[in-house]
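Below you'll find the structure, written out as structure tokens, and then a few comments.
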Amino acid sequence: MFQHKDDTVLEALQRRGVTRRDFIKMSILLAGALGLDYKRVGAVTHALETAKRAPVIWLEFQDCAGCTESISRSQNPTLEKLVLNDITIEYHETLMAAAGYQAEEAKQAAMETYKGQYILVVEGSIPLANGGYCTIGGRAADDILREAAANAFAVVAVGNCASFGGIPRANPNPTDAYGVMELVTDKPVINIPGCPAIPEAMTNTIANILVLGSIPELDALNRPKLFYAQTVHDRCLRRGFYDAGLFADSFGDDGYQNGYCLYKLGCKGPTTYNTCASLKWNEGTSWPVEAGHPCLGCSEPNFWDGGGFYQGASAPLQKPDLVTVGGAALVGAVVAGGVAGLNSAAKKRAAKSEKAEQPSDKEA
Ligand code: SF4
Ligand code: F3S
């Protein structure tokens, strides 16, 4: 938009008014974010001074814009600013000021100008049913995706929906939703799954391509190992209780209030690879298991059908048991005050009313 085609990253930053002093700070920050030794700050600085700016085109399909929301709440505002504002974004439907024909023309111009250089970020799943779900400018989502991917340097699928189909793909999958890597097979596709994706995993991956010009090391599901090599269970703060065999049996029971392991409540932490237990959310404030909610496996394929204790909307209602009634109690508490806002008085009230309402559970 305000950049020149052949700008290096440094020149692009200077056009934005970034001083040399701030540029050096950014280099140090980036080296840290990329997990590089401080001795390699000079190499990062050199790369930013000489590497061509690699712009981002960010497409949204069947999504809730939660990953965009997540990245704009990055724990590291300088890195987020660098990635989102100073260097990269050429087209982003939620964040850009332009709309309609003007926006579509800007995208076409960016794809032409930066042919083979741009990073395509995709948020949301791609529907193939009916040829008409999720059209933009009169064109189907998969057509738009294939066109933009054709001349991209690499494709980054953010969130579970773009990675594996996500919630739109849940049974009965009315739109025949797909993840990007099932449709784009001739380009490197990097998955940053999660619901939403963790902001640092998104910014770091984009910065990695931008600065080092390379694709980070990936696992078998195309996820960067830096963020997805360990399970949630590996880093969980309740792990000691798991190892000691201490579990919550229902939401609000004594074990729950004592912070015991949530495995018996459907926690998918042992089979879910993500970094939320380490990086957390909202500037390191908390994460689902810390807030009292079992992991749903939001960074794995088959989320949501395979995740935790929730039932699909199409499933017949089952006879209540401790888990589903407890889940309903928790959902009510979430709506009332937010998971993180559960205080001990509320938990005691929930436990009391649960006991009062479920005399037959133990008998069942
Ligand atoms: Fe593992 Fe879940 Fe228990 Fe944490 S709460 S220790 S992730 S099973
Ligand atoms: Fe997702 Fe489980 Fe973490 S639901 S945010 S991977 S705790």
Side-chain angles (χ1 to χ4, degrees), residues 63-64 66-67 69-71 73-75 123 157-167 169-170 179 191-202 219 221 223-312 323 326-327 330-331 334 338-340 342 347:
D63 73 326
C64 65
C67 292
E69 180 72 18
S70 174
I71 199 173
R73 298 283 183 279
S74 174
Q75 205 165 312
E123 182 176 359
V158 298
N160 195 296
C161 300
S163 300
F164 308 127
I167 290 176
R169 194 177 195 150
N191 288 326
I192 316 287
C195 190
I198 291 180
E200 288 72 25
M202 292 187 271
D219 70 5
L221 292 171
R223 302 175 294 197
K225 284 187 179 173
L226 184 60
F227 297 102
Y228 296 92
Q230 291 186 304
T231 65
V232 169
H233 187 65
D234 288 334
R235 295 291 182 95
C236 182
L237 78 169
R238 297 177 193 249
R239 177 61 185 267
F241 292 118
Y242 176 94
D243 291 340
L246 295 170
F247 300 96
D249 290 311
S250 66
F251 289 100
D253 72 1
D254 287 345
Y256 185 84
Q257 293 188 56
N258 285 330
Y260 289 175
C261 172
L262 304 175
Y263 184 72
K264 290 187 179 176
L265 299 180
C267 184
K268 299 290 180 192
T271 53
T272 300
Y273 290 80
N274 204 349
T275 191
C276 45
S278 307
L279 291 177
K280 305 187 179 181
W281 299 91
N282 296 324
E283 301 187 355
T285 304
S286 190
W287 61 291
V289 172
E290 184 173 347
H293 194 295
C295 171
L296 295 176
C298 77
S299 55
E300 296 294 325
N302 201 32
F303 167 76
W304 160 278
D305 291 337
F309 57 85
Y310 291 115
Q311 291 183 348
V323 172
L330 180 69
V331 171
V334 172
V339 175
L342 278 175
K347 281 191 275 184

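Just so you know, ligand 1 is whichever comes first in the structure, and atom 1 is the first atom listed for that ligand.
A donor-acceptor pair under 3.5 Å is formed between the side chain of N160 and the backbone N or O of C298. At least one donor-acceptor pair under 3.5 Å links the side chain of N191 to the backbone N or O of L221. With Y256 contributing its side chain and G292 its backbone, the two residues share a donor-acceptor pair below 3.5 Å.
Looking only at protein N/O/S atoms, the ones less than 2.8 Å from atom 2 (Fe) of ligand 2 make 1 in total.
Residues that satisfy the salt bridge (Lys or Arg N to Asp or Glu O under 4.0 Å) test with D234, not counting sequence neighbours, are absent from this structure. In this view, Y242 and H233, F247, Y263 satisfy the ring-ring contact (aromatic ring centres under 6.0 Å, His included) rule, not counting sequence neighbours.
Rounding to the nearest 0.5 Å places CG of L296 at 9.0 Å from SG of C195. Note that the CZ atom of F241 and the SG atom of C236 stand 10.0 Å from one another [nearest 0.5 Å]. N274 contributes atom CG, which lies 5.0 Å from atom OH of Y228 (distance to the nearest 0.5 angstrom).
For K268 and E300, the salt-bridge test fails: no basic side-chain N is under 4.0 Å from an acidic carboxylate O.
Note on atom 2 (Fe) of ligand 1: protein N/O/S atoms under 2.8 Å are C267 SG.
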